[in-house]
Amino acid sequence: MYAYYALHKLRIRPSEWVNMDENEKAFIIAAIDEKVKEEEKKRKEAERQAKRNGR
């Protein structure tokens, strides 16, 4: 999942991902986790707003 997200969202090529050291990968994975949490939070809020507005 992380390599897929890194490729499609962050434009990190597979060769770059493979050649990263553990600290770089750990940082990117943590950043991806935070971004996914924020996106999920926004999606849930949008769903709640839609329910309140009768959509």
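Keep in mind that what you see is a predicted model, and the values were worked out from it rather than measured.
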* Under the side chain to side chain contact (heavy atoms under 4.5 Å, CB included) criterion, do Lys35 and Tyr5 qualify, and how do the steps go? -> CA-CA 11 Å; Lys35 180 68 175 168; Tyr5 193 96; 3.0 Å; yes
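- Listed for the Glu16 side chain is a donor-acceptor partner under 3.5 Å among the backbone atoms of Arg13.
- Using a 4.0 Å cut-off between charged side-chain N and carboxylate O, Glu45 and Arg48 make a salt bridge.
- With a 4.5 Å cut-off on side-chain heavy atoms, Tyr2 and Lys25 do not count as touching.
- Annotation: the span from Asp21 atom CG to Phe27 atom CZ amounts to 12.5 Å, rounded to 0.5 Å.
- Put simply, CD1 on Ile29 and CD on Glu22 are 10.0 Å apart, with the number rounded to the nearest 0.5 Å.
- The side-chain heavy atoms of Glu40 and Lys37, taken from C-beta on, include no pair separated by under 4.5 Å.
- The structure places CD1 of Ile32 at 7.0 Å from CE of Met1, a figure rounded to the nearest 0.5 Å.
- Using a 4.5 Å heavy-atom cutoff, the side chains of Ile12 and Ile28 are in contact.
- A salt bridge is absent between Arg43 and Glu39; no separation between the charged side-chain nitrogens and carboxylate oxygens falls under 4.0 Å.
- Closest of all the heavy-atom pairs between Leu7 and Pro14 is CD1-CD, 3.9 Å.
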